[in-house]
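Only one structure is covered here, and it is reproduced in the block below.
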Amino acid sequence: ASTLGAAAAQSGRYFGTAIAAGRLGDSNYTTIANREFNMVTPENEMKPDATEPNRGQFNFSAGDRVYNWAVQNGKRVRGHTLAWHGQQPPWMQSLSGSSLRQAMIDHINGVMAHYKGKLYAWDVVNEAFADGSSGGRRDSNLQRTGNDWIEVAFRTARAADPSVKLCYNDYNIENWTWAKTQGVYNMVKDFKSRGVPIDCVGFQSHFNSGSAYNSNFRTTLQNFAALGVDVQITELDIQGASATTYAAVTNDCLAVPRCNGITVWGVRDQDSWRSGDTPLLFSGNNKKPAYDAVLNAL
Ligand code: XIL
């Protein structure tokens, strides 16, 4: 196969990218994105600040721009994200306790109703665990509503759209030896044992010098999959875009039957949220060595 999407499809997987609505007018961008990728994650357009700018008032204009571009071009879409401490609208940031808990539930219901039956997966909860050695939850306004906020989010999501895969998504959970990885693993194990609905875990995979790729990532993917969830690589970018590391990550996913696909967090280096790291597969219109390494691995 001669594109990432077609090559991934040879093993029943997808290859995706984050898409920014603001770049859809750039034909160099859309040409590459349309040719290479068959899964799309809206980079910012389905986050809480975008979809519910005022309480109870939903706005899907930017989310729908990305969604429609994807579907019109034959791609599937991953919703990102419903419950997160980041990119909350100001009104949500100022809530706490039971009113924030209710606002989270209403937000999940409102956004999921709009996209009901239309998405591949939802990142229901994003980045709820702490970095460092605790293995516990990150402090946030959502966490302070009670430790059960994550399972309430997943139960609400299942009732809102039974057709979509419900995922937990986080970073720094790729290295099996890290406390944060173990914390998320134990949560998923607990959810599975108690029947809390969860279908998948997304590994963001933002690799850099502080959070370096480690070859035990494959063990992590295998161990989570063995709990009975699908796993996906959801926001891959690698500082410096080492071809060897990109190939290793690709091979790790291919080695795990329940690893459904890989999404890179942007099309070209200039589109990256950390463009100074030149972490992606394209530079301008050009394929980088990491692109060839991934295509050959797939
Ligand atoms: C980033 C976007 O790429 C930026 O455009 C935005 O300013 C901040 O968020 N983890 C996530 C993503 O789950 O939503 C983040 O995306 C990157 C880290």
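Small disclaimer: the values here were computed from a predicted structure and weren't measured.
With hydrogens and angles ignored, the 3.5 Å screen pairs a side-chain donor or acceptor of Ser140 with a backbone N or O of Gln143. Ser272 places a side-chain N or O within 3.5 Å of a backbone atom of Arg274 that can act as its donor or acceptor partner. A donor-acceptor contact shorter than 3.5 Å is absent between the side chain of Gln182 and the backbone of Gly135. Under the 3.5 Å distance criterion, the side-chain polar atoms of Gln102 are left unmatched by any main-chain donor or acceptor of Ser99. The main-chain N or O of Ala21 is found under 3.5 Å from a side-chain atom of Glu45 such that the two form a donor-acceptor pair. Of the possible donor and acceptor atoms, one in the side chain of Lys192 sits under 3.5 Å from a partner among the backbone N and O of Gly228. Between the Ser94 side chain and the Trp91 main chain, a donor and an acceptor come within less than 3.5 Å of each other. Using a distance-only test at 3.5 Å, with no hydrogens or angles considered, no donor-acceptor pair links the side chain of Asp190 to the main chain of Asn186. Panel note: side chain Gln87, backbone Asp49; no donor-acceptor pair is recorded below 3.5 Å. Thr17 places a side-chain N or O within 3.5 Å of a backbone atom of Gly266 that can act as its donor or acceptor partner.
The ring pair (Phe, Tyr, Trp, His ring centres under 6.0 Å) search around Trp176 returns Tyr185, not counting sequence neighbours. The side-chain contact (heavy atoms from CB on, under 4.5 Å) check on Thr145 picks up Leu100, Arg101, Trp149, with sequence neighbours excluded. The ring pair (Phe, Tyr, Trp, His ring centres under 6.0 Å) check on Tyr213 picks up Phe207, with sequence neighbours excluded. Residues satisfying the ring pair (Phe, Tyr, Trp, His ring centres under 6.0 Å) criterion with Phe37, sequence neighbours excluded, are absent altogether. Residues passing the side-chain contact (heavy atoms from CB on, under 4.5 Å) test with Asp131, sequence neighbours excluded: Arg138, Tyr171, Asn172, Lys180. In this structure Asp139 satisfies the side-chain contact (heavy atoms from CB on, under 4.5 Å) test together with Arg144, sequence neighbours excluded. Checked against side-chain contact (heavy atoms from CB on, under 4.5 Å), Asp161 has the following partners two or more places apart in sequence or in another chain: Met112, Lys116, Ser163, Val164. In this structure His85 satisfies the ring pair (Phe, Tyr, Trp, His ring centres under 6.0 Å) test with no other residue, sequence neighbours excluded. Residues passing the salt bridge (Lys or Arg N to Asp or Glu O under 4.0 Å) test with Arg23 are Asp271, sequence neighbours excluded.
Side-chain contact between Ile19 and Lys75 is absent, with no heavy-atom pair separated by less than 4.5 Å. Two residues are said to be in side-chain contact when any heavy atoms from C-beta on lie closer than 4.5 Å; Pro279 and Asp269 meet this criterion. Thr278 has its side chain within reach of Lys288: a pair of non-hydrogen atoms, C-beta onward, lies under 4.5 Å apart. Proximity of Thr220 to Glu174: side-chain heavy atoms (C-beta onward) are nowhere separated by under 4.5 Å. Put simply, the side chain of Arg13 does not reach to within 4.5 Å of the side chain of Asn260, judged on heavy atoms. When side chains are defined from C-beta on, Leu95 counts as touching Arg55, because their heavy atoms get closer than 4.5 Å. Using a 4.5 Å heavy-atom threshold, the side chains of Met187 and Tyr168 count as touching. Between Phe15 and Thr3, every side-chain heavy-atom pair lies at or beyond the 4.5 Å cut-off.
The minimum heavy-atom distance linking Leu82 with Ile108 is given by the pair CB-CG1, 4.0 Å. Nearest approach of Val294 to Leu281, heavy atoms of both residues: CG2-CD2, 4.2 Å. Ala297 and Thr250 make their closest contact through CB-CG2, 3.8 Å (heavy atoms, listed as atom of the first residue, atom of the second, distance). Among all heavy-atom pairs drawn from Pro89 and Glu52, the shortest one is CG-O, 3.4 Å. Taking both residues in full, the closest heavy atoms of Arg78 and Pro42 are given as O-CD, 3.1 Å, listed atom of the first, atom of the second, then distance. Nearest heavy atom pair, residue Ala243 against residue Ala293, reads O-CB, 3.4 Å.
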| said: Applying side-chain contact (heavy atoms from CB on, under 4.5 Å) to Arg158 and Asp199, what does each step give before you reach the verdict? | reply: CA-CA 10 Å; Arg158 182 67 97 220; Asp199 305 307; 2.8 Å; yes
| said: Apply side-chain contact (heavy atoms from CB on, under 4.5 Å) to residues Leu4 and Leu295 and explain how you reach the verdict. | reply: CA-CA 6 Å; Leu4 299 170; Leu295 188 68; 4.2 Å; yes
| said: Using the rule given for side-chain contact (heavy atoms from CB on, under 4.5 Å), can you reason through Lys165 versus Trp122, listing the C-alpha separation, both sets of side-chain angles and the distance that settles it, and then say yes or no? | reply: CA-CA 6 Å; Lys165 290 196 210 201; Trp122 261 113; over 6 Å; no
| field | Intermediate values then yes/no, side-chain contact (heavy atoms from CB on, under 4.5 Å), Phe224 and Val256 | value | CA-CA 10 Å; Phe224 274 82; Val256 179; over 6 Å; no
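Following chains of ILVMFWY side-chain contacts shorter than 4.5 Å, one cannot reach Ile198 starting from Trp84, and the two form parts of different hydrophobic clusters. Note: the hydrophobic cluster containing Leu166 also contains Phe191 (ILVMFWY, side chain heavy atoms under 4.5 Å, direct or indirect links). Hydrophobic clustering places Val184 together with Val196 (ILVMFWY residues linked when any side-chain heavy atoms are closer than 4.5 Å, directly or through intermediates).
Counting only residues at least two apart or in different chains, side-chain hydrogen bond (donor to acceptor under 3.5 Å, both in side chains) contacts with residues 289-298 comprise Glu36-Tyr291.
Between Tyr67 and Phe60, the distance separating the two ring centers is not shorter than 6.0 angstrom.
The other residues sharing a hydrophobic cluster with Trp265 are Trp273, where clustering joins ILVMFWY side chains under 4.5 Å apart. Other members of the cluster containing Tyr14 are Met39, Tyr120, with ILVMFWY side chains joined at under 4.5 Å, either directly or via other members.
Residues Asp64 and Lys118 are not paired through a salt bridge, judged by the lack of any N-O separation under 4.0 Å between the basic side chain and the carboxylate.
Separation of atoms CG (Leu119) and CE (Met46) is listed at 5.5 Å; rounding is to 0.5 Å. Here the CZ atom belonging to Arg194 is positioned 13.5 Å from the NZ atom belonging to Lys189, to the nearest 0.5 angstrom. Considering SG of Cys259 and CD of Gln222, their distance stands at 10.5 Å, rounded to 0.5 Å. We find the CD-OH distance between Gln270 and Tyr29 to be 10.0 Å, quoted to the nearest 0.5 Å. Atoms CD1 and CZ, on Ile150 and Arg155 in that order, are 13.0 Å from each other to the nearest 0.5 Å. Summarising the geometry, atom CZ belonging to Arg218 is positioned 6.0 Å from atom CG belonging to Asn251; distances are rounded to the nearest 0.5 Å.
With Asn73 as the fixed residue, the side chain to side chain contact (heavy atoms under 4.5 Å, CB included) test singles out one of Asn68, Asn38, Asn34: Asn34.
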